[in-house]
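Contents: one structure, followed by commentary.
Residue numbers start from 1 in every chain, and the chains themselves are labelled A, B, ... in the order their sequence lines are given, proteins ahead of strands.
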There are 4 protein chains.
Amino acid sequence: MGAVKSKRVPRAVRERQMLDAAVLTFARRGYRAASMDEIAEVAGVSKPLVYLYLNSKEDLFSTVIRRESEALVAAVTAAVEPGGTADRQLWSGLEGFFAHTAEHPDGWAVLHQQARTHGEPFAHQVAAMRTEIVAFVTELLGAAAKEAGCVGELAEREVAGLAHALVGAAESLAEWANVRTDEGASGEREHPSAKDTAATMMNFAWTGLGRLTGGERWAPGGLAVDREGRSAARG
Amino acid sequence: MGAVKSKRVPRAVRERQMLDAAVLTFARRGYRAASMDEIAEVAGVSKPLVYLYLNSKEDLFSTVIRRESEALVAAVTAAVEPGGTADRQLWSGLEGFFAHTAEHPDGWAVLHQQARTHGEPFAHQVAAMRTEIVAFVTELLGAAAKEAGCVGELAEREVAGLAHALVGAAESLAEWANVRTDEGASGEREHPSAKDTAATMMNFAWTGLGRLTGGERWAPGGLAVDREGRSAARG
Amino acid sequence: MGAVKSKRVPRAVRERQMLDAAVLTFARRGYRAASMDEIAEVAGVSKPLVYLYLNSKEDLFSTVIRRESEALVAAVTAAVEPGGTADRQLWSGLEGFFAHTAEHPDGWAVLHQQARTHGEPFAHQVAAMRTEIVAFVTELLGAAAKEAGCVGELAEREVAGLAHALVGAAESLAEWANVRTDEGASGEREHPSAKDTAATMMNFAWTGLGRLTGGERWAPGGLAVDREGRSAARG
Amino acid sequence: MGAVKSKRVPRAVRERQMLDAAVLTFARRGYRAASMDEIAEVAGVSKPLVYLYLNSKEDLFSTVIRRESEALVAAVTAAVEPGGTADRQLWSGLEGFFAHTAEHPDGWAVLHQQARTHGEPFAHQVAAMRTEIVAFVTELLGAAAKEAGCVGELAEREVAGLAHALVGAAESLAEWANVRTDEGASGEREHPSAKDTAATMMNFAWTGLGRLTGGERWAPGGLAVDREGRSAARG
DNA sequence: GATGAATGAGTCTTCATTCAT
DNA sequence: CATGAATGAAGACTCATTCAT
């Protein structure tokens, strides 16, 4: 099992090996169920070395979260096309997001499933990252609303809700896509559906937003009309 | 602490007390960190009794998941207005969902955060419930597409993706709404924003879907029309 | 080894067994070197039971110190003859002290050697007891000075110093007597030299070496003259 | 914060640095709690070097004990005035003892508190030194008895007991004096009370409380006179 | 001469689980 | 029906000690 034993490796390298092992193990077992013994074994080193370099299980988990958070944010940031329209930026960002989570399913699992579930030191870290992303999305939605000529129509609180919904939808899709990928992957598929998933996401969210910024609202009786009384009926 | 000691309680009642205590404790601490000791203490019974009735920690957790799953599905099902249009049904279902999760935050936390994070026996159970809900949503989406005259155009896989996105968005909003509710609650507020949250969700998803079933697609360049240059409506 | 296994023992009894085992083990090995494993084994129970009843190694050590301190103080207090002169009281107290330490060498070792050597939580506890004893001795010395008609001549600080020296001497003698007893004991000697040791101590401290070398001896009845009836003075 | 890194230091010096660090650390933490890591860090060298020079923790502790024992014995021996009377010699020895322990509190703590508490290899070493000192005191007491014309009256066993009591008292006073000194020291006070402490000790032991309460005082020059001016001089 | 890299062994502590009453 | 008494097994963490450079 594990990698080939290689002795006398410089610290930086060993540290990375350990973090990789930790990501894998935390993703597979969860924070509590993952034992330092297993992490050390997966990393191909002895337990004391893990403690020497990473101090404690908590610190190790924290470090993992930080590393994976930063990697994810960096991937999304790098993917966003700087000069584009809001929808284009959102799309490229989503593509980066789906590509990264598909390529690093364990890291994503740690962030999305484990870190949020295990008490304050960690939940806070992920929440911070998520807030960062939600803020970015909120900004894009605002910009999109302006581009669509809808000035100040959407209450801030409403936009924030939409952003949360969008991010939640994206997270859910990322998980879904990963599961499907994991099962179906018989060999080396290049993170297959990042583009497709991003498109699905845009279709789901953007077209809806398009109408929304146009003044439409959904209401129990059907689509509501806007202020001017124009029909917004679905039929 | 713990409940008031009461002897000679019928089994069904005792069992419910234990399950309630378990839900509370699992939600608070997580599966691994919750100890049978604490659960027994919170339930106000001795540990052996917990084992006598619920067999093991795994069984206990399973039973909790089953109970909470069924309660959630029942709540959503009951909320759906039977004879209405697809959007109306989705809306009422969402309202039921948000109302139930707001009323039972611990149960929802166990389902959403804990059960999925702790390995196979449990993740599967929640996945089953989620599948049930996604299937229901998928069905509604299909019906909506038909209502909109869009016959068979949406690939099944696409609809499934949308359903997942929708459910993910709803889950994300549920968490968001609960957190905000928790903070703002100064006394006894009747899970206030279930309706609002459902509306936000519909605005986010449905209006988008409306266009979608109308043949619109988002594409890198913006909303695309179909090949013939006709207005995006596909009739 | 250890006592005969006896199952299902009431808590109070088990707790005492554990404390006895702890005293023995702490005395033999020292605080740090004593392992909870060994203590449990000596007590004839499993380790978790020790933790269930005594909480932690620190708590266990603290409890041991408290129990042994109280036992020692009680023994000395009980031995002091209430109505006697100061020297008589001191003598009887010393006898009680030496008798108790001879009968409970492990307890004494824990108090005198281990507790004071292992950091703040514990050193403080023993210091408190020691202070109590030193205060008692100081009081006796003051009374003795008065009885001897020496009013206010001895500065308080000086008396305190003397009391410390006296207690230190007694402690040293207790250790010395125990070691000699341990080695020499081939069978069951009833704590042999408590009276002798107390007498030695009184000769040393009370009458002073000066008089002692002049042939005087302290005895329960007062200062003794030598065989020839010469006055005790050496000059 | 160890010492400033200095390369290529002769072995003898490095060894002394390590021993100093060890004394400090053992005194602060105790034998078991002191880690070779900390000792190496305090000494400002790497751990392997400590092992290269001092072999093992046990060896290191042994070496420390030996060094400190010898230093203490040397200090006492050097302080004793060779040609004086027995009391004078005892007094000067005590002064040397108190001065040395005040100047080297860590060394004294290691000898008095740590070495005796941690099992056989070490307790024996300190016992040997103590025996040496007790023997010296015993000898002095014998000489004093002779000087006083008391030939063979004091049983050897009795004298040994007295010597032990005396040494114990001195040790207790040393600790007491040091603690009081530590607290009161606002800057650089030259171990102030060695003389005072020695005087207290002599008053306590040599003259005896009996004479003391009669108004006599021991002083470097011999017994002091009482209030009425009667001579109390021995010679 | 000196050290960064590495570990086997052991310690405290906790927990799910079971009897005997 | 209900529980006080008890434990096997495992997990986080530390430490004295050694190579290879």
Side-chain angles (χ1 to χ4, degrees), chain A residues 5-11 13-15 32-40 44-60, chain B residues 5-11 14 32-40 44-60, chain C residues 5-11 13-15 32-40 44-60, chain D residues 5-11 14 32-40 44-60:
Chain A
K5 268 290 183 55
S6 51
K7 304 241 162 188
R8 301 283 140 174
V9 172
R11 175 169 181 151
V13 176
R14 268 283 136 86
E15 232 172 81
R32 296 282 306 219
S35 81
M36 293 298 270
D37 267 301
E38 186 177 358
I39 292 174
V45 297
S46 71
K47 217 187 339 171
L49 202 59
V50 179
Y51 278 91
L52 189 61
Y53 286 175
L54 280 320
N55 297 321
S56 74
K57 197 181 185 183
E58 262 195 29
D59 277 14
L60 174 53
Chain B
K5 263 295 186 46
S6 51
K7 301 242 166 191
R8 301 282 146 180
V9 173
R11 170 156 184 158
R14 269 281 141 87
R32 295 279 306 214
S35 78
M36 294 298 271
D37 267 299
E38 186 177 358
I39 293 173
V45 297
S46 74
K47 225 185 333 172
L49 201 58
V50 178
Y51 278 89
L52 188 63
Y53 285 179
L54 279 320
N55 296 319
S56 75
K57 197 184 186 184
E58 271 200 15
D59 279 13
L60 174 54
Chain C
K5 268 290 185 52
S6 51
K7 303 243 163 187
R8 301 281 141 175
V9 172
R11 174 167 181 152
V13 175
R14 267 284 135 86
E15 232 172 81
R32 296 281 306 219
S35 80
M36 294 298 271
D37 267 301
E38 184 176 359
I39 293 174
V45 297
S46 72
K47 220 185 337 171
L49 202 59
V50 179
Y51 277 90
L52 189 61
Y53 287 175
L54 280 319
N55 296 322
S56 74
K57 198 181 184 182
E58 262 195 31
D59 277 15
L60 174 54
Chain D
K5 263 302 183 44
S6 50
K7 301 241 166 190
R8 300 283 146 180
V9 173
R11 170 157 184 158
R14 270 279 140 88
R32 295 279 306 212
S35 78
M36 294 298 270
D37 267 298
E38 186 177 357
I39 293 174
V45 297
S46 74
K47 227 185 331 171
L49 201 58
V50 178
Y51 279 89
L52 188 62
Y53 285 179
L54 279 320
N55 297 319
S56 75
K57 197 183 185 184
E58 271 199 16
D59 279 12
L60 174 55

For B:Arg32 and B:Lys57 the tightest heavy-atom approach is O-NZ, 3.4 Å
Nearest heavy atoms of C:Ser46 and C:Ala40, plus distance in Å: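 Looking at all heavy atoms of both residues, the shortest contact is C-CB, 4.0 Å.
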Protein-nucleotide distance ([X], atom [atom1]; [N], atom [atom2]), rounded to Å:
X	N	atom1	atom2	value
D:Leu49	E:dA5	CG	C1'	17 Å
C:Leu54	E:dT14	CG	C1'	16 Å
A:Leu52	E:dG8	CG	C1'	15 Å
D:Ile39	F:dC15	CD1	P	12 Å
D:Leu60	F:dC15	CG	C1'	15 Å

Once side-chain contact (heavy atoms from CB on, under 4.5 Å) is applied, do any residues pair with D:Glu38, and if so which ones, sequence neighbours excluded?
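With neighbours one apart ignored, the set is D:Thr25, D:Arg29, D:Ser35, D:Val42.
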By side-chain contact (heavy atoms from CB on, under 4.5 Å), C:Asp59 pairs with (sequence neighbours left out) C:Asn55, C:Ser56
Interatomic distance, CG@A:Leu49 vs CZ@A:Arg11, rounded to 0.5 Å, equals 8.5 Å
For residues 44-56 of chain A, the salt bridge (Lys or Arg N to Asp or Glu O under 4.0 Å) pairs (sequence neighbours left out) are A:Asp37-A:Lys47
Between A:Glu15 and the options A:Val50, A:Val9, A:Leu54, the side chain to side chain contact (heavy atoms under 4.5 Å, CB included) test singles out A:Leu54
Parsed dot-bracket for DNA chain E after applying the Watson-Crick and G-U rules with both distances under 3.5 Å and | for other-strand partners is .||||||||||||||||||||
Quick one: label A:Arg11 by what it contacts on the DNA or RNA (base, sugar-phosphate, nothing), any heavy atom closer than 4.0 Å. sugar-phosphate
The contact string for nucleotides 15-21 of chain E, one letter per nucleotide 5' to 3', using protein heavy atoms under 4.0 Å with B, S and - for base, sugar-phosphate only and none, comes out as BSBBBS-
Practice problem: Establish, with yes or no, whether the OP1 or OP2 oxygen of F:dA6 is under 4.0 angstrom from a side-chain nitrogen or oxygen of C:Arg14. | Solution: yes
